[in-house]
Protein chains: 2
Amino acid sequence: MPRERGADPPKRITSHDVAARAGVSQSTVSLVLSGSPRARIADATRTRVIEAARDLGYRPNLLARGLVQRRSFALGIVVSDLDNPFFTEVVSGAERVAADAGYGVLLGDAREIPAGEHVQRLRERQVDGVILAGVALDALPPDALAGANVVVVDEPSDTHPGVASDAFGAGRLAARHLLELGHRRLAFIGPASESHTFRMRERGFVAELREAGVALPSARLRRARPSVAGGERAMRALLREDEGTTAVFCANDLTALGALKAGAAAGMTVPGGLSVVGCDDIEMARYVTPELTTVRVPARGLGARAARLLLLALDGRDTGALTRKPLEVQLVLRGTTAPPLAESCP
Amino acid sequence: MPRERGADPPKRITSHDVAARAGVSQSTVSLVLSGSPRARIADATRTRVIEAARDLGYRPNLLARGLVQRRSFALGIVVSDLDNPFFTEVVSGAERVAADAGYGVLLGDAREIPAGEHVQRLRERQVDGVILAGVALDALPPDALAGANVVVVDEPSDTHPGVASDAFGAGRLAARHLLELGHRRLAFIGPASESHTFRMRERGFVAELREAGVALPSARLRRARPSVAGGERAMRALLREDEGTTAVFCANDLTALGALKAGAAAGMTVPGGLSVVGCDDIEMARYVTPELTTVRVPARGLGARAARLLLLALDGRDTGALTRKPLEVQLVLRGTTAPPLAESCP
DNA sequence: TTGTAAGCGTTATCAG
DNA sequence: CTGATAACGCTTACAA
C-alpha cells in the first residue's frame, strides 16, 4: 500500500535521534558508528550508542555521508545493450565485486539513452567511478570523461585504464581451428565498425587466413549487426550469393546463433555442410543443437576485473598489475565444426 | 590513467562558482537552473547564469539536492539471479522507464548478498523506491520494507503493490495444450517452493490435469532448481525412474532447456518421443532446435510496469489501475510439442 | 574521552 | 526579481 502523499511523514531517524536517546552528542554517535573502528571512545558510551542505534533502527544516510566525504561509494556501469547476455555477464561480474566491497552499482543501458548522457548523469550522482562496456570511447562527447575514474572494458584507451580480452587472438584461434579442419572457403560475419573488439576479432581472423595463404573474398565478408537477427540476415545473404563457403566465423555468439538459424532454415546441415564458430561463449552457446563451437571470452571475469581495477584506482593504489595483459581467450570445441565435405574442397 | 591519490584535487564546480562568474548570488543560480521552469527571473540574469554554467561546465551535485529534498530520484531493483535472462529482461524494462523519467537505477543481485541486505543498503542510499523481482517477501527480515515504497514483481503481497503475470493461467495453458495433443502421461519439473510464481505455475498445471481426470503420480513430479543444470538433472532422474512419460512441463525455460539437453543426451527425440513445454519465453527459447514451445510471460513488460507503478506511487498518484490484474500470458507453439506416439498412449 | 562548530552543495523561505 | 539565511544529515578538526 503506497504511502499517501504528504500524509504521514515517517520521520527519518537521524544520528541526532540516536544521540538524544544515548545521551551523547551527535558527533559522538558519528564517531562510534562510522569512525575508525577503534576511535577513542569509552566502552560504556560506545555500547550505549550502539544500543540506542539498534533500538531506533538507525540507518545512516549515505547521501549526507557522500556529500561531506565527497565520495559516494557507488559506481556506475553503462553497457551498450543490456539484452546481450555477454554484457549482462559483465554487469553481473562487476556488481558482485562492487557489492562485496560495499559499493552501490548504478546501471545504464545505452540503447535508449546514449552512453554519454548516462555518464553525465552518473557523474551528477557523484559516482566514484564508471565502467564502460561495449561503449566506443570516441562516440562520447569530447570531455564526458574528463577527470573521472573510468575503466573501459574491451576498448582501447590511452587515457583510461581498461580490461580487455585478447580479441585478435580470438579471431586467430577461430581461423586456425577452421584451417586445421581443412576448410579453405571461409566467411566472416560481423559488424561494420562498432567496437574495437569486433574489429580485432575480424583482423585476427583475417591475419591468420592470410598467413595461411587463404583469401577472404569480399563476398564472404558479411556485415551484420551483432545480434541474432543480424546474423540470420547476413547468413541468408551469404547463402544466396555464395555457394562454396564451408565455414563461417561470427563476430559474436549471438551472430553465430542467427547464422545457425538461417543455415537450418536453408536446409544446411551443421557441421556437415557448414561449420560455424562463434565468439564469447555465452551460456546459450551450450543449449543449441548442435552446441556451438566458439571462442570463450571470460565476460564475468572482465566485469569483475574492471570493478576491481576501478576500486583499486579509487584507493589510489597501483593499477598496473591488473591493466597489463588482456585476458586469455580459449577455443571451445563443440558441435558446430567439422572437416569440410570432400566435394567442397577446392 | 588513474588520478594520483590526492594529487590534483580537480576542483568540483559548484553553484557558487557559477554565481561568482555570473555576478549573482548562489541562490539565484539555483533558482534559474533547477527552479520551476519560469521562475520569476529577469531574462538578462537568467541567460547570464546559464552561460556561466555552460562555460564552467557546471553539473549539479545530486547528492546535495537529494539531501535537502529528501528525495534521491533513484530507485533500486534487486533480483534473485542476474544470470537468469528472465530477470535481466525485467531489469532492462525497469531501467528503461526509470531512466526515461530521469531516475537512477541501483542494481542488486541476491545470489551473493541476500536480498534483505541489498534492500537495507539501497535504503541507506535513500532510493525513493525499490523493485523486487524473484524475491520471496517472507524471506526478508520482518520490517526490511517498513515505510518504504516497494513494488514486487510476481509475488503476492497485501502490504505492497505489485505487478504479476498470470502464473496459474500459465500452468493451465501448458496442461491444456498437452492434453489436447493427446498426452496423458505428463510430468512436471519445478523448484520445491522458491517463489509464489513457480508454485502457481505448478498448481495451474495440476489443476487443469485434475479437471481432465489425469493423474500426476509423484514420480512424475520432479523437484529441481530453476536453472538449466537443475532441469537437466531432474530430467535425467525422470527418464531413469519413469518410462512412460510422454510430455513434461517445466517451471521455466531454463529448466526446459536443461530437460531438452538431458533428453537429447538420453537419445529421446523431441517432440517425437517426448514433448516439452517451458515457461517465460526467454530469447533463448527460439534458438534451440527444435525451438521451445513455451508460455510467454512479458518479462520486460513486467519490469517496465513495475517501474511505472513505482514512479506513480512516488508522485502520490493512484496506483490502482496498474496494479489490478495480472499481465496475460500466452502459449507460444513451437517445435518441442507434438502428439504422443501411438504406442505411448495408455 | 567527548562536545562544539564548521562545512559538504543544494533547495527553500523570506525579506528587501 | 534577487539575495541572505536556514536547513538537509553527516564527518571532522579543534576545543574542552
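Lettering follows sequence order; numbering is per chain, from 1.
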Rounded to the Å, how far apart are [X] [atom1] and [N] [atom2]?
X        : N      : atom1 : atom2 : value
A:Arg123 : C:dG9  : CZ    : P     : 15 Å
A:Arg125 : C:dG9  : CZ    : P     : 18 Å
A:His16  : C:dT2  : NE2   : C1'   : 15 Å
B:Asp17  : C:dT10 : CG    : C1'   : 14 Å
A:Leu31  : C:dA5  : CG    : P     : 17 Å
A:Arg46  : C:dT1  : CZ    : C1'   : 12 Å
A:Gln126 : C:dG9  : CD    : P     : 9 Å
A:Arg71  : C:dG9  : CZ    : P     : 16 Å

What are the bounds, 5' to 3', of the part of DNA chain D that sits under 4.0 Å from heavy atoms of chain B?
->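 Listed 5' to 3', the contact boundaries are D:dC1 to D:dG9.
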
Is the side chain of [X] donor-acceptor paired with the backbone N or O of [Y] at a distance under 3.5 Å, no angle test?
X        : Y        : answer
A:Gln126 : A:Arg70  : no
A:Thr197 : A:Asp154 : yes
A:Asn61  : A:Ala64  : yes
A:Glu155 : A:His196 : yes
A:Arg96  : B:Asp109 : no
A:Arg48  : A:Ala22  : yes

Which of residues 61-68 of chain B sit near DNA chain C, with a heavy atom under 4.0 Å from it?
->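 Going residue by residue through residues 61-68 of chain B, the ones with a heavy atom under 4.0 Å of DNA chain C turn out to be B:Asn61, B:Ala64, B:Arg65, B:Val68.
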
Neighbours of DNA chain C within residues 21-29 of chain A, by heavy-atom distance under 4.0 Å =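 Close to the strand are A:Val24, A:Ser25, A:Ser27, A:Thr28.
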
Salt bridge flag under 4.0 Å for residues A:Asp17 and A:Arg12 |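 Salt bridge flag = no for A:Arg12 with A:Asp17.
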
Would you call B:Asp315-B:Arg317 a salt bridge at under 4.0 Å N-O?
->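 Result for this pair is no, no salt bridge flagged.
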
In degrees, rounded to 10°, what is the bend between the two ends of the helix from C:dT1-D:dA16 to C:dG16-D:dC1, using five pairs at each?
->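 About 40°, once rounded to a multiple of 10°.
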
Looking only at side-chain N and O atoms, does B:Arg59 come under 4.0 Å of OP1 or OP2 in C:dG9?
->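 For B:Arg59, the contact criterion (side-chain N or O under 4.0 Å from OP1 or OP2 of C:dG9) is not met.
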
Can you check whether A:Arg59 reaches B:Arg123 side chain to side chain, under 4.5 Å on heavy atoms?
->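 No, every pair of side-chain atoms sits at 4.5 Å or beyond.
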
Interatomic spacing from CG in A:Asn149 to CD1 in A:Ile131 - rounded to 0.5 Å |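 Answer for the CG-CD1 pair, A:Asn149 versus A:Ile131, is 11.0 Å.
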
Could you give the distance from CZ (B:Arg21) to OH (B:Tyr58), rounded to the nearest 0.5 Å?
->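 Atom-to-atom, B:Arg21:CZ and B:Tyr58:OH are 15.0 Å apart.
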
With sequence neighbours left out, what residues match A:Ala101 under side chain to side chain contact (heavy atoms under 4.5 Å, CB included)?
->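 Listed in chain order: A:Tyr103, A:Leu311.
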
For A:Arg65, enumerate each residue passing the side chain to side chain contact (heavy atoms under 4.5 Å, CB included) test, keeping only those at least two apart in sequence or located in another chain.
->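 Counting only residues at least two positions away or on another chain, A:Arg65 forms a side chain to side chain contact (heavy atoms under 4.5 Å, CB included) with A:Ser34, A:Pro60, A:Leu62, A:Gln69.
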
Distance-only donor-acceptor check, side chains A:Ser25 and A:Thr28, under 3.5 Å |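 The criterion, which ignores hydrogens and geometry beyond distance, is satisfied for A:Thr28 and A:Ser25.
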
Could you check whether B:Thr14 gets within reach of a base, just the sugar-phosphate, or nothing at all, counting any heavy atom under 4.0 Å?
->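 Sugar-phosphate: the residue B:Thr14, judged by heavy atoms under 4.0 Å, touches backbone atoms but no base.
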
Check every strand shown and say whether A:Ser30 touches a base, only sugar-phosphate, or nothing at a heavy-atom separation below 4.0 Å.
->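 Base contact - A:Ser30 has a heavy atom under 4.0 Å of at least one base atom.
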
